[in-house]
Amino acid sequence: MSEFSLIQKFCRDIGVSHSETQLSIGDDAAVIQIPSGMECAVCVDTMVEGVHFLNDVSAEALGHKILAVNLSDLAAMGALPKWATLALTLPSKDEQWLQAFRQGLHQLATEHGVQLIGGDTTQGPLTLSLQIIGLLPQGSRLTRSGAEIGDDIYVSNTLGDAALALAIMQDRVKTPADESLLDSLRRSLERPEPQCELGVALLDIANACIDLSDGLVGDLAHIASQSQVTMRVDVDQIPLSKPFKTLMAGAASKGDVILIDFALTGGDDYQLAFTANPSRRAEIVDLAKRMSIRLSRIGVVLDQNAQQSKVELHQSGSPIEPSQGSSYQHFQ
Ligand code: ADP
Ligand code: MG
């Protein structure tokens with residue numbers, strides 16, 4: 001199969017079709033029309049085999065995840081996702097793999113109203129790179145720099161499942177073999193659900209926002225530096241899933257691992273962390289109810305403190321340190 005027929009067969013008609021798309025796949029570039037009064041938010045994320053995923057992850061899960069991680073970035077800006085382009089580097093033309101990858105990508109793209117409008121296809125070590133374009137009302141966006149002293153700090157849903165799943169799969173954590181618990185954790189790792197609807201709803205509520213890809217502590221530190229504040233987090237308020245709590249109870253009794261660190265520094269959560277003025281508490285409770293999600297108040301924004309770290313962790317009223325580093329970094 002030629003590169004041309006591969007693109008024809010597997011890359012066309014992915015996701016929805018937008019009326020603002022003037023030209024899609026097939027020419028040298030796509031052409032899109034930006035509705036008046038709107039601005040574009042653009043970002044790109046790359047996943048490399050062996051770095052971002054293990055070689056036994058299904059192609060369908062990869063199709064889902066490469067879009068999910070980008071949707072999560074747009075969610076953190078409060079942008080409505082619309083278009084994507086895809087750079088695929090493949091070791092070979094494996095039609096079965098491509099069909100499954102396409103399926104995972106198409107399903108999530110359709111769910112979030114995204115149209116794939118172009119890309120590039122090359123041969124080499126498996127590398128997936130997706131660029132996404134979303135819309136924002138002119139002059140309106142969520143940023144890392146908007147946190148204000150006295151704001152509450154919130155996170156969506158639960159943290160730590162994905163990092164714990166990876167640690168179990170890599171034998172770094174020993175757990176009682178309960179397959180259903182592991183399945184549930186593994187789902188968070190392979191099928192993250194980006195919080196796009198929440199991001200758009202937060203545009204008028206939150207002062208600062210970030211998506212949690214590298215671990216809560218490291219990601220909150222970005223808000224802290226860019227807003228020039230200190231983030232104080234109460235570790236007891238961090239929302240954990242039932243499977244996570246079940247495993248934590250078992251592991252704690254053995255005293256060998258500190259599982260809460262997976263929620264603090266693990267990464268791959270793709271939830272949103274945001275700050276908002278305490279006057280917005282009732283609206284945030286309503287929003288969580290309306291969207292059937294969890295929004296937990298986990299801390300407070302304080303004035304910058306030169307002596308202390310940017311993110312202060314407290315547990316039962318006393319300061320603590322995470323036992324692992326604060327976040328995953330590619331270049332140490
Ligand atoms: P060019 O050589 O001009 O860059 P290509 O032959 O690479 O064009 O691509 C032909 C068309 O197919 C372009 O419209 C491009 O956007 C699209 N395309 C190529 N690879 C992909 C892909 N992986 N996903 C989506 N569209 C793709
Ligand atoms: Mg090309």
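Whatever order the structure lists ligands and atoms in, that order sets their numbers, starting from 1. Along the sequence shown, residues are numbered consecutively beginning with 1.
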What atoms of ligand 1 come within less than 4.0 Å of a heavy atom belonging to [X]?
X	answer
Asp120	7 (O), 19 (C), 20 (N), 21 (C), 22 (C), 23 (N)
Leu116	24 (N), 25 (C)
Asp28	3 (O)
Ile25	12 (O), 14 (O), 17 (C), 25 (C), 26 (N)
Thr121	19 (C), 20 (N), 21 (C), 22 (C), 23 (N)

*Relative to ligand 1, is Ile7 under 4.0 angstrom through side chain, backbone, both or neither, heavy atoms considered?*
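Under 4.0 Å from ligand 1, Ile7 contributes side-chain atoms alone.
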
*asked:* Counting only heavy atoms closer than 4.0 Å, does ligand 1 sit against the backbone of Asp27, its side chain, both, or neither?
replied: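 Contact part for Asp27 vs ligand 1: backbone (N, CA, C, O).
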
[Y] backbone acceptor or donor facing [X] side chain under 3.5 Å:
X	Y	answer
Asn207	Thr275	no
Thr89	Leu126	no
Gln115	His18	yes

*Answer yes or no for Glu3: is there a heavy-atom contact with ligand 1 below 4.0 Å?*
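Distance cut 4.0 Å: Glu3 passes for ligand 1.
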
*Looking just at side-chain N and O atoms, do Gln271 and Ser156 make a donor-acceptor pair shorter than 3.5 Å?*
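Yes, side-chain donor-acceptor contact under 3.5 Å.
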
*Check which hydrophobic residues are tied to Val44 through side-chain heavy-atom contacts below 4.5 Å, counting indirect links as well, and list them.*
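Members other than Val44 - counting any ILVMFWY side chain reachable under 4.5 Å - there are none.
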
*Check Lys93 against Glu3 and note the closest heavy-atom contact, atom names and distance.*
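Between these two residues, the closest heavy atoms are NZ-N, 4.0 Å.
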
*State, to 0.1 Å, how close Cys43 and Asn70 come at their nearest heavy-atom pair, and which atoms those are.*
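Closest approach of Cys43 to Asn70: O-OD1, 3.8 Å.
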
*Is the CD atom of Gln96 crowded by more than 12 outside heavy atoms at less than 6.0 Å?*
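Not more than 12 within 6.0 Å, no.
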
*Would you say Ile117 and ligand 1 have an N/O pair spaced under 3.5 Å apart?*
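No - when backbone and side-chain N and O of Ile117 are compared with those of ligand 1, no distance drops under 3.5 Å.
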
*Is there any N or O on Ser24 that sits under 3.5 Å from an N or O of ligand 1?*
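N/O-N/O distance under 3.5 Å: no.
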
*Who gets closest to atom 21 (C) of ligand 1 by heavy atom: Ala29, Ala84, Gly119?*
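When every heavy atom of Ala29, Ala84, Gly119 is considered, Gly119 comes closest to atom 21 (C) of ligand 1.
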
